[in-house]
Protein chains: 2
Amino acid sequence: MNNSELDATDWQILRLLQKDASLTNKEIAFELNRSVATVHERIKRLKEEGYVKKIVALLDRKKVNKGLIAFSHVQLHDHTAQTLSTFEKEVARFPEVMECFQMTGTFDFILRIATSDMDAYHDFYRNKLANLPNITTVQSFFVLSEAKSDTAYPI
Amino acid sequence: MNNSELDATDWQILRLLQKDASLTNKEIAFELNRSVATVHERIKRLKEEGYVKKIVALLDRKKVNKGLIAFSHVQLHDHTAQTLSTFEKEVARFPEVMECFQMTGTFDFILRIATSDMDAYHDFYRNKLANLPNITTVQSFFVLSEAKSDTAYPI
DNA sequence: ATTGAAATGTAGGAAAC
DNA sequence: GTTTCCTACATTTCAAT
């Protein structure tokens, strides 16, 4: 198989591992009617070539005391490369910030922020986020309930 | 150890597994200066008690042809339990919708939508999302770049 | 690229301290 | 909680196709 294309078996393996990476090679091989060695070889390649970035444990956020998730829309004073990249660099250093995306539209960034509760969020907001330079507005929305939460891409 | 509290070792294990769940018990044991049997027992308990929900592979979304991520804010006509839960149930069935959260604020839901490109998003929007009943407005924002993207909670 | 078989390593359980 | 021992799997390599 060449280097730049995935075949049907590769996609099936990726689909399975996205849902459950604790599957053994044997289980995957059985599922796909392939040998264990083949599955092993494929997965090794998929990791080497960067299709699989990493294998992680997903935790129950409420059990680990992250009861409050906020999405915050941030607007900056200006959009010079300097201002944008300083903001990105600084905000990424806050552990509460799980995700930071630069966006199209009327604001500049979406942040996903995980804290234990509203007090902790407030503390983060006043003492960390609002101290960053060049912020014009921050508008925050809070998760009431999760109807769906999936890390698997539809492939 | 009792059932309802995690000690420092448990938290360390969770921290490690959130970052890299392909670590072996042996590697974790070495890192924490514990025996393999202890680590094994702890992880078993952490899974049984639901702290670890699952182990998954995270893929490179651009390599698997999901070049466009949208966040969509959805507002519904009314907020009866019936309307809310019908929307949640229907929207969760679309594979493009990776996440759906009910939110505080001026709109009702945030969706995270993964598609290959703007054409595919448009198709999803016109032929799937906009066909659901009781939707008043949908406002969409598109990811330009990812400054940070982490599934690990700050614990 | 795929396979079965062989070698090595890890998981998972149990016993004694 | 640790150590040791044990068995059953799982991973990894390899020669052959």
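Nothing here was measured: the structure is a model prediction, and the numbers come from that model.
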* Asked: Considering only C:dT3, D:dT12, D:dG1, which nucleotide approaches the side chain of B:Arg42 most closely?
  -> D:dG1
* Send over the distance from A:His40 NE2 to C:dT8 P, rounded to a whole Å. => 16 Å
* For the side chain of A:Arg34, counting heavy atoms from C-beta on, which of D:dT13, C:dA11, C:dT3 is nearest? -> C:dT3
* To do: Mind calculating the distance between CZ (A:Phe30) and P (D:dC9) to the nearest angstrom?
  => 15 Å
* Structure fact -> Whole-Å distance, A:Leu17 CG to D:dT11 P, equals 11 Å
* **Residue closer to the 5' end of DNA chain D, A:Lys26 versus A:Glu41 (nearest nucleotide)** => A:Lys26
* Write down the distance between CG (B:Leu23) and P (C:dG9), rounded to a whole number of angstrom. => 18 Å
* Under-4.0 Å side-chain N/O to phosphate OP1/OP2 contact, A:Ser35 with C:dT2 -> no
* **B:Asp7/B:Arg42 ion pair, N-O < 4.0 Å** => yes
* To do: Please check the phosphate of D:dA10 (OP1 and OP2 only) for any side-chain N or O of A:Asn25 closer than 4.0 Å.
  => no
* Between C:dT2, D:dT11, C:dA11, spot the one nearest the side chain of B:Thr24, thanks. => C:dA11
* Asked: Can you check whether A:Ser140 reaches A:Phe142 side chain to side chain, under 4.5 Å on heavy atoms?
  -> yes
* Round to a whole Å and report the spacing from CD1 of B:Ile43 to P of C:dT10. => 14 Å
* Salt bridge flag under 4.0 Å for residues B:Lys128 and B:Asp123 -> no
* To do: Decide if the gap between the ring center of A:Phe101 and the ring center of A:Phe109 is smaller than 6.0 angstrom.
  => no
